[in-house]
2 protein chains.
Amino acid sequence: MEQQTLAILHNANLKATAPRLAILKVFAGNHLPINAEHIYAKVRSSNINEATVYRTLASFEEKGIVKQVDLRKDSTYYELASGHHHHHIVCTDCGKVEDFESCSVDKISDKVLSQSSKFSVIKEHSLELFGTCNACVKK
Amino acid sequence: MEQQTLAILHNANLKATAPRLAILKVFAGNHLPINAEHIYAKVRSSNINEATVYRTLASFEEKGIVKQVDLRKDSTYYELASGHHHHHIVCTDCGKVEDFESCSVDKISDKVLSQSSKFSVIKEHSLELFGTCNACVKK
DNA sequence: ATTACAGTTGCAAGTAACTTGCAACTGTAA
DNA sequence: TTACAGTTGCAAGTTACTTGCAACTGTAAT
């Protein structure tokens, strides 16, 4: 686990520093998407600076270690890029987030590329559902 | 057209003020998603304030006149909610945006709802593709 | 083990995108 | 025509994030 973490950083050409290890650990212990503020709350006791959290998230994203998730909240959320492909359903009332797995976007991508004259490469996609969770429906 | 615009505002219980009419006109003349800055640039000559643009976008969204589009840019983009259902493909290099129409998210939504114990209502979804446009691939 | 240095960090100041308090104004229904 | 809830402009404020810079540190080469 620790070895794996070091390998992730090494492969990405990133030094294995304390802040990066701590932030990776937070991701490992959190399967739902998480934002900078939340991460900072968990690592500030180790004297890790808020700016470092933002810089780390940016470099992790650039290297493909984490990916952005568009939850239509005020801040940017991230989750580990490793792990099986999935998407999210978000309650627009209370913000609850749940994962879901069925995703047929590859088919859509192929179709879109065959019809587009301007694009030929698709690297990522977002697919999030916005609705109301059972608890909020009852209100 | 003008009548239609007035009806939109009336149905939404929003007064037909000059700023709102001007902003709706900008949307009507722009089929791609647009942000507050871009809208402000087009209406500031009519002495419409930037804060009014933001407030108008917020109320239009709340009333369902426009909807947010998650393009992973620094600011929030919107487009008219009327018009046929479509999504976007975004170049992560230069920011170019193109529409596409094929969308089978309804099927996915049904499946997700049947499998979720926490959600039973889906109101919206996002589905955006991120890749590289032909012009940027050549670089 | 030691060294050299590019990469990384903490700190504090800065920026971009948006929000809000408030007094003046204005569509709209009566 | 009037009354007033809703709307606006302005300026100040907030939030999320970024950046300049000097000090520090992991890493590869010695």
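What's counted below: heavy atoms across the whole structure, side chains too, no hydrogens, waters or symmetry copies. This is a predicted model, so every value here is computed, not measured.
When atom types are taken as modelled, the side chain of Thr92(A) and the backbone of Gly131(A) share a donor-acceptor pair closer than 3.5 angstrom. A donor-acceptor pair is defined here as one N or O able to donate and one able to accept, closer than 3.5 Å; such a pair exists between the side chain of Ser109(B) and the backbone of Val105(B). Side chain of Arg44(B) to main chain of Glu50(B): no donor-acceptor pair is present (N/O by atom type, distance under 3.5 Å, no hydrogens or angles).
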Check nucleotides 5-8 of chain C for protein N or O atoms closer than 3.5 Å to its own N or O atoms and list the pairs.
residue, atom, partner, partner atom, Å
dG7(C), N3, Lys15(A), NZ, 3.4
dT8(C), OP1, Lys15(A), N, 3.4
dT8(C), OP1, Arg20(A), NH1, 2.6
dT8(C), OP1, Arg20(A), NH2, 3.0
dT8(C), O5', Arg20(A), NH2, 3.2

Under 3.5 Å, N/O pairs linking protein and nucleotides 17-22 of chain D:
residue, atom, partner, partner atom, Å
dC17(D), OP1, Thr76(A), N, 2.9
dC17(D), OP1, Thr76(A), OG1, 3.0
dC17(D), OP2, Tyr54(A), OH, 3.2
dG20(D), O6, Arg55(A), NH1, 3.3

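The CD1-P distance, from Ile48(A) to dT9(C), rounds to 9 Å in whole Å. Regarding Leu6(A), its CG atom lies at a distance of 13 Å from the C1' atom of dT27(D), rounded to whole Å. Between the CG atom of Asn49(B) and the P atom of dT19(C) there is a distance of 14 Å, rounded to whole Å. Rounded to whole angstrom, the span from the CG atom of Asn47(A) across to the P atom of dT25(D) amounts to 12 Å. Atom P of nucleotide dA17(C) and atom OH of Tyr78(B) are separated by 13 Å, given to the nearest angstrom. In this structure, Leu9(A) places its CG atom 10 Å from P of dT9(C), rounding to the nearest Å. Here the C1' atom of nucleotide dG10(C) and the OH atom of Tyr40(A) are 10 Å apart, to the nearest Å.
Applying the ring pair (Phe, Tyr, Trp, His ring centres under 6.0 Å) test to residues at least two apart or on different chains, the pairs with a partner in residues 107-138 of chain A are His85(A)-His125(A), His87(A)-His125(A). Residue pairs meeting the salt bridge (Lys or Arg N to Asp or Glu O under 4.0 Å) criterion with at least one partner in residues 60-87 of chain B, sequence neighbours excluded, are Asp70(A)-Arg72(B), Arg72(A)-Asp70(B), Glu124(A)-Arg72(B). Annotation: salt bridge (Lys or Arg N to Asp or Glu O under 4.0 Å) contacts involving residues 92-117 of chain B, sequence neighbours excluded, are absent.
Taking a pair as Watson-Crick or G-U wobble with both distances under 3.5 Å, the runs of three or more consecutive pairs in DNA chain C are C:1-30 with D:1-30.
A single hydrophobic cluster is not seen to contain both Leu71(B) and Tyr40(B); linkage of ILVMFWY side chains at heavy-atom distances under 4.5 Å, directly or through other members, places them apart. Transitive grouping of hydrophobic side chains (ILVMFWY, heavy atoms separated by less than 4.5 Å) keeps Val121(B) and Val90(A) in distinct clusters.
To the nearest 0.5 Å, atoms CG (Leu127(B)) and CD1 (Ile89(B)) are separated by 10.5 Å. For the atom pair CZ of Phe27(B) and CG of Leu57(B), the computed distance is 5.0 Å after rounding to the nearest 0.5 Å.
When each of Ala16(B) and Val53(A) is assigned the nucleotide of DNA chain C with its nearest heavy atom, Val53(A) is the one assigned upstream, toward the 5' end.
Ring-plane geometry between His88(B) and His86(B) is classed as perpendicular, the angle between the planes exceeding 60 degrees on a 0 to 90 degree scale with a lower cut at 30.
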